[in-house]
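Both ligands and their constituent atoms are indexed starting at 1 by order of listing.
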Amino acid sequence: MKLGISTLPKKWLEEIINLAAECVVVVDCKGTVVYINSAYCEFLETTMEEALGKPVQEVIENTRMHMVAKNGQAEVAVVQPIKGSEMVANRYPLYIDNELVGAVGTVMFRNPQEWLNYSRKIQPLLKELKYYKTKFEKELKSKYRLEDLVGESPEFSEAKRLARRVSSSQSSILLSGESGTGKELFAHAIHQMSPRGHFPFVRVNCASIPENLLESELFGYEEGAFTGAKRGGKKGKFELAQHGTVLLDEIGDMSIHMQSKLLRVLQEKEVERVGGQAPVPVDVRIIAATHRNLEKMVQDGEFRQDLYYRLNVMKIEIPPLRERKEDIILVALKLLIKLEEKFNNQGIELSVEAAELLRNHAWPGNVRELENVLERAVNVLDGKIIRGAHLPLYLQDGNVRPSLAYTQLKSPEVMSHITKTSIQPLREIIASAEKEAIIEALRLTNGNKKLAAEMLKIGKTSLYDKCTSYNIK
Ligand SMILES: Nc1ncnc2c1ncn2[C@@H]1O[C@H](COP(=O)(O)OP(=O)(O)OP(=O)(O)O)[C@@H](O)[C@H]1O
Ligand SMILES: [Mg+2]
């Protein structure tokens with residue numbers, strides 16, 4: 001027996017239509033209802049007998065079925081108000097043997113509740129998708145601008161000036177500086193100022209990716225390149241950064257083998273995916289960063305000289321914090337603002353004593369160390385003022401002379417952030433500065449009061465009086 005739709009009993013066909021779409025209506029090319037299923041009739045509060053043979057406009061309010069049957073243009077997922085609810089309808093032209101003979105209409109959701117139930121299932125998925133999309137896009141954007149790099153010392157200002165100048169060029173840049181000096185921040189800022197700023201910024205940490213994975217991370221791979229390779233392959237960081245910037249962070253930790261591969265990319269301006277056939281052209285600007293001494297590594301044969309020259313077209317050296325002491329408090333205050341946000345604890349101030357301890361420390365871990373010290377302090381804070389006791393012991397061991405703070409913290413902006421509560425009366429500050437100066441002068445002159453008075457440019461009697469009143473022997 002030949003099977004097919006023609007052999008199905010009429011009752012079956014009806015039920016199949018009912019199951020396939022809850023509400024179905026069919027009109028001929030004049031817009032007359034030639035078929036309507038029971039579910040639609042129920043929804044419209046009519047009967048088949050009543051609806052069949054009538055112009056569709058008389059059966060369904062706000063319908064456009066007769067237009068679709070005439071113009072042959074499908075209308076998919078359009079909102080149609082019926083009986084005070086907004087339902088979602090599909091209208092398809094019905095072509096038989098290439099001839100427009102009518103239209104088929106279905107209702108996807110008969111009321112907002114149905115739509116709501118459906119969208120309740122879909123919404124979390126859409127939200128999740130949006131989250132990952134923005135997260136991914138954010139990852140590929142530079143996060144810092146030059147204004148975010150706090151520091152006014154001549155050395156630091158010079159580094160910022162250089163960064164601004166080189167940002168517009170296409171050449172590679174080498175950022176060198178001790179750990180925690182802000183190399184990554186500079187890379188972000190340079191990208192952001194450059195004409196590539198609207199394209200991706202992609203950072204690769206050459207030290208943290210295992211040697212055998214670095215190649216596929218950087219250059220990507222084709223499907224089936226190795227066991228576990230993703231379907232469809234994967235783009236490498238260079239391809240992801242197309243027209244943008246790649247930061248090769250910790251470049252000093254890259255193996256000699258990878259250095260050769262990288263050099264090839266820089267020379268040919270194309271990458272070869274692992275397991276790939278044809279090279280892919282890439283247009284990226286390279287910024288390399290390291291805390292290691294690349295010159296010495298070249299001398300010792302640990303870093304390829306040719307690669308070094310390619311990367312070192314322009315070099316920016318970022319000075320360590322201890323060489324820009326005047327910036328320490330400025331940076332600390334900027335970091336405190338960040339911490340205030342993080343801990344939702346506004347109005348935190350630095351006491352003069354704490355500020356002085358921060359200034360006197362050598363900061364081998366630079367800004368990152370300062371950040372950690374302040375975060376720890378904010379954590380152990382009982383009020384709003386960071387005092388010496390809130391700092392780690394290795395900072396408190398420093399020799400503090402609070403009065404010094406006033407000569408060194410000259411900016412009024414800085415002063416307004418340093419707490420007033422720990423400031424002594426001016427009379428006492430002057431007295432203690434005077435006392436210190438006299439002790440220092442006497443120390444330098446081996447206790448010779450006459451010479452000391454000359455050094456201090458005051459009279460001998462005046463010095464004697466001051467020694468008595470300050471109890472200096
Ligand atoms: N001038 C600055 N102003 C404000 N914050 C800074 C500054 N420099 C660095 N930071 C902060 O200090 C931290 C360390 O900076 P970054 O990661 O750029 O250092 P790095 O030089 O890359 O260090 P490493 O060599 O260890 O990777 C970051 O959290 C950054 O926000
Ligand atoms: Mg870094």
Side-chain angles (χ1 to χ4, degrees), residues 138-139 141-164 167 173-193 201-209 214 237 245-254 286-297 303 311 315-343 348 350 355 358-359 361-379 411 413-414 417:
K138 246 197 214 150
E139 293 281 307
K141 279 217 178 99
S142 55
K143 298 183 202 108
Y144 304 96
R145 293 172 309 155
L146 204 62
E147 298 83 82
D148 296 321
L149 291 162
V150 179
E152 287 167 7
S153 71
E155 300 83 357
F156 197 73
S157 304
E158 174 61 20
K160 283 203 282 189
R161 199 185 56 79
L162 205 58
R164 179 168 285 121
S167 64
I173 297 173
L174 182 62
L175 295 172
S176 83
E178 287 177 18
S179 185
T181 44
K183 296 184 289 294
E184 198 178 328
L185 261 68
F186 265 86
H188 277 270
I190 292 170
H191 169 76
Q192 194 264 331
M193 286 184 290
F201 174 87
V202 177
R203 170 178 178 256
V204 188
N205 187 341
C206 304
S208 71
I209 303 172
L214 189 57
K237 302 280 190 189
T245 306
V246 172
L247 166 62
L248 296 171
D249 212 352
E250 316 289 359
I251 187 93
D253 293 272
M254 191 181 259
I286 303 289
I287 301 181
T290 182
H291 65 277
R292 299 179 64 168
N293 184 340
L294 283 193
E295 291 82 357
K296 177 146 191 317
M297 287 181 73
F303 202 86
L311 297 173
K315 185 172 186 174
I316 301 181
E317 282 193 56
I318 305 164
L321 209 46
R322 69 181 161 282
E323 283 175 19
R324 47 187 193 108
K325 270 189 177 298
E326 60 267 56
D327 286 346
I328 293 176
I329 300 302
L330 285 177
V331 175
L333 294 176
K334 165 91 178 187
L335 295 173
L336 271 183
I337 294 172
K338 258 199 331 199
L339 289 168
E340 282 180 342
E341 268 169 36
K342 183 170 169 184
F343 289 93
I348 300 177
L350 263 184
L358 296 181
R359 272 187 48 84
H361 185 55
W363 301 109
N366 294 293
V367 184
R368 185 172 299 114
E369 186 188 358
L370 178 57
E371 207 167 21
N372 292 344
V373 163
L374 290 174
E375 178 159 349
R376 178 189 173 277
V378 172
N379 267 308
S411 133
E413 191 208 349
V414 169
H417 283 85

Atoms in ligand 1 with a heavy atom of F156 nearer than 4.0 Å: 1 (N)
Polar contact flag for E371 and ligand 1 (N/O pairs, less than 3.5 Å): yes
Heavy atoms only: which of L321, V367, L370 is nearest to atom 6 (C) of ligand 1? V367
Side-chain donor/acceptor of S157 to backbone N/O of E152, under 3.5 Å: yes
Taking a cutoff of less than 4.0 Å between a non-hydrogen atom of the residue and any ligand atom, is F186 in contact with ligand 1? no
Can you list the residues that meet the side-chain contact (heavy atoms from CB on, under 4.5 Å) rule with F303, with sequence neighbours excluded? I251, Q259, L294, M297, V298, L307, Y308, L311
Identify the closest protein heavy atom to atom 30 (C) of ligand 1: which residue and atom is it, and at what distance? L185 CD1, 3.4 Å
Nearest-contact summary for atom 14 (C) of ligand 1 - protein heavy atom, Å: R368 NH2, 3.7 Å
For P320, does its backbone N or O pair with a side-chain atom of N366 as donor and acceptor, under 3.5 Å? no
Hey, is ligand 1 close enough to T181 that some N/O pair sits below 3.5 Å? yes
Nearest-0.5 Å distance, NE2 of residue H361 to NZ of residue K325: 9.5 Å
Among non-hydrogen protein atoms, atom 23 (O) of ligand 1 lies closest to G180 N, 2.8 Å
Between K338 and E341, does any side-chain N to carboxylate O distance fall below 4.0 Å? no
Is there any N or O on L149 that sits under 3.5 Å from an N or O of ligand 1? no
Counting distance only, does the side-chain N/O of N205 pair as donor-acceptor with the main-chain N or O of A207 below 3.5 Å? yes
Smallest heavy-atom separation, L175 atom then K183 atom, equals CD1-O, 3.2 Å
Within 6.0 angstrom of R164 CZ, more than 12 heavy atoms from elsewhere: no
Who's the nearest protein heavy-atom neighbour of atom 15 (O) of ligand 1, and how far? G182 CA, 3.7 Å
Holding to side-chain contact (heavy atoms from CB on, under 4.5 Å), I want the full list of residues that pass it with L149, two or more places apart in sequence or in another chain. L146, F156, K160, L185, F186, A189
For atom 27 (O) of ligand 1, which of the options R203, H291, E250 provides the nearest non-hydrogen atom? E250
Between E184 and ligand 1, does any nitrogen or oxygen pair lie at a separation below 3.5 Å? yes
State the atoms of ligand 1, each with its element, that fall below the 4.0 Å cut-off from a heavy-atom position in D148. 3 (N), 4 (C)
Would you say G151 touches ligand 1, if touching means a heavy atom closer than 4.0 Å? no
Among all the protein's non-hydrogen atoms, which is closest to atom 26 (O) of ligand 1, and how far away is it? S179 OG, 2.6 Å
Report yes if V150 has an N/O atom closer than 3.5 Å to an N/O atom of ligand 1; otherwise report no. yes
Under a 4.5 Å cut-off applied to non-hydrogen side-chain atoms, are E178 and E323 in contact? no
Per atom 20 (P) of ligand 1, closest listed option by heavy atom (K183, K338, H188, R324): K183
D253/R292 salt bridge by N-O under 4.0 Å criterion: yes
